[in-house]
Protein chains: 2
Amino acid sequence: MSAIPKYAGGDRKDLQKLLRDNNFRSTEGRLALLSALKCSRKPLSVETLARQIGSRLDDVNVYRALQAFAAAGISRRVDLQHSHAHYEFNDEHDHHRIVCTSCEKVEDFTGCECDTLAHKALKQTHGFAKVTNHSLELFGVCNACVSR
Amino acid sequence: MSAIPKYAGGDRKDLQKLLRDNNFRSTEGRLALLSALKCSRKPLSVETLARQIGSRLDDVNVYRALQAFAAAGISRRVDLQHSHAHYEFNDEHDHHRIVCTSCEKVEDFTGCECDTLAHKALKQTHGFAKVTNHSLELFGVCNACVSR
DNA sequence: CTACCTGCAAACGGTTTGCATTGCC
DNA sequence: GGCAATGCAAACCGTTTGCAGGTAG
């Protein structure tokens, strides 16, 4: 009966283990947060996350948890050039986003070949030892917005 | 004798013309701002820009000008994952940055081949009509920081 | 002369911090 | 029982807005 989504896809026990394995305590709030991140197919804002989590964790602790999770590599911060950050579950799979600059539409794509690029960049520049990660987003117009 | 850099490389008249051509009035503050952007080989923060411009334009108007310039395509906003925005002169040349996550070091590189990637992404996803621009940064460790 | 540009002060909104309390392990 | 996690209030800081006076064209 609750308005809050259940632990669909990948269940509660997995998330509990994930928390414990990273030296976090397993609390309702953090489980709900991880579940929301894991079930979403696109990066979520803190506002959206807090809404889904309801009273199980207030905004401030959503920030704190997201920060801790990102440091542990569980989640990741993404910049969609809105005025606030978005977060996604870190599944280690190198995918990126295409974002509509007119509405909020976001989709995934793969195949950035950034390892090759990183290699090229390290040769071109001379002051860098290694590349640890990268950000890449495409911005454009979705089908719905282009026909307006 | 002034601490403020002169209009090196690309002189005052060019910048005046650039402003006029974009329907802006040519003022000391905006000329100084454009000059600072044009002379820098890396994106600058508002704080840095305001310092270089000195009393010729206060912070608020640096924001206003940068916003207007970006809308006109004269300058561009870049996200280096610091806690504030950086801006660069828009020379239409597709280059990107490699950023040290430990110090503030930034270098340029080219060769992202994002047109190809944009093409691939439009095929993979089905909800998008076109790609208008993209962001891409590499994050890593510079030689100085790696040996610490 | 009149729209654009500017400075100053104040608002804004996302994010962070301090601190006392709660509750997992 | 001890330390991580939490709630609440308040600070923070980059950025935006309002408005009255100044200035380029």
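Per chain, numbering begins at 1; letters A, B, ... match sequence-line order.
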- Task: Return the value, rounded to whole Å, for the distance between atom NE2 of B/His86 and atom P of D/dG14.
- Result: 11 Å
- Message: Distance check needed: C/dT16 C1' versus A/Leu66 CG, whole Å only.
- Response: 13 Å
- Query: Hey, does the side chain of A/Tyr63 come within less than 4.0 Å of C/dT15's phosphate (OP1/OP2), counting only N and O?
  - Reply: yes
- Query: Looking across every strand, which nucleic acid part, if any, lies under 4.0 Å from A/Glu47 by heavy atom: base, sugar-phosphate, or nothing?
  - Reply: nothing
- Query: How many Å lie between CG on A/Leu49 and P on C/dT15, as a whole number?
  - Reply: 11 Å
- Message: Using a strict threshold of under 4.0 Å (side-chain N to carboxylate O), is an ion pair present between A/Arg76 and A/Glu92?
- Response: no
- Task: Name the nucleic acid region contacted by B/Ala85, choosing base, sugar-phosphate or nothing; use a 4.0 angstrom heavy-atom cut-off, strictly under.
- Result: sugar-phosphate
- Message: If we ignore hydrogens and angles and just use 3.5 Å, is the side chain of B/Gln124 paired with the main-chain N or O of A/Thr110 as donor and acceptor?
- Response: yes
- Query: Between A/His96 and A/His134, what is the ring plane arrangement, given parallel below 30°, perpendicular above 60°, and tilted in between?
  - Reply: tilted
- Looking at B/Asn61, does any N or O in its side chain come under 4.0 Å of the phosphate oxygens OP1/OP2 on C/dC5? no
- Task: For B/Ser26 and for B/Tyr87, find the nucleotide of DNA chain D with the closest heavy atom, then tell me which residue's nucleotide is more 5'.
- Result: B/Tyr87
- Message: Tell me the interatomic distance from A/Asn23, atom CG, to D/dA5, atom C1', rounded to whole angstroms.
- Response: 14 Å
- Item | First of B/Leu57 and B/Val60 reached from the 5' end of DNA chain C, by closest nucleotide | B/Leu57
- Message: Taking B/Asp108 first and then B/Arg97, would you say they form a salt bridge - that is, a charged N and a carboxylate O separated by under 4.0 Å?
- Response: yes
- Query: Between A/Arg30 and D/dT6, is there a side-chain N or O to OP1/OP2 distance below 4.0 Å?
  - Reply: yes
- Query: What is the ring orientation for B/His95 with B/His93, classed by angle as parallel under 30°, tilted 30 to 60°, or perpendicular over 60°?
  - Reply: parallel
- Mind calculating the distance between CZ (B/Arg25) and P (C/dA3) to the nearest angstrom? 9 Å
- Looking at A/Arg64, does any N or O in its side chain come under 4.0 Å of the phosphate oxygens OP1/OP2 on D/dG7? no
- Message: OP1 or OP2 of D/dT23 versus the side-chain N and O atoms of B/Thr27: is any pair under 4.0 Å?
- Response: no
- Rounded distance (Å) that lies between atom P of C/dT16 and atom NE2 of B/His84: 15 Å
- Message: Can you measure B/Asp58 atom CG to D/dT16 atom P for me and round it to whole angstrom units?
- Response: 14 Å
- Rounded to the nearest angstrom, tell me the gap between atom CZ in A/Arg20 and atom C1' in C/dC25. 8 Å
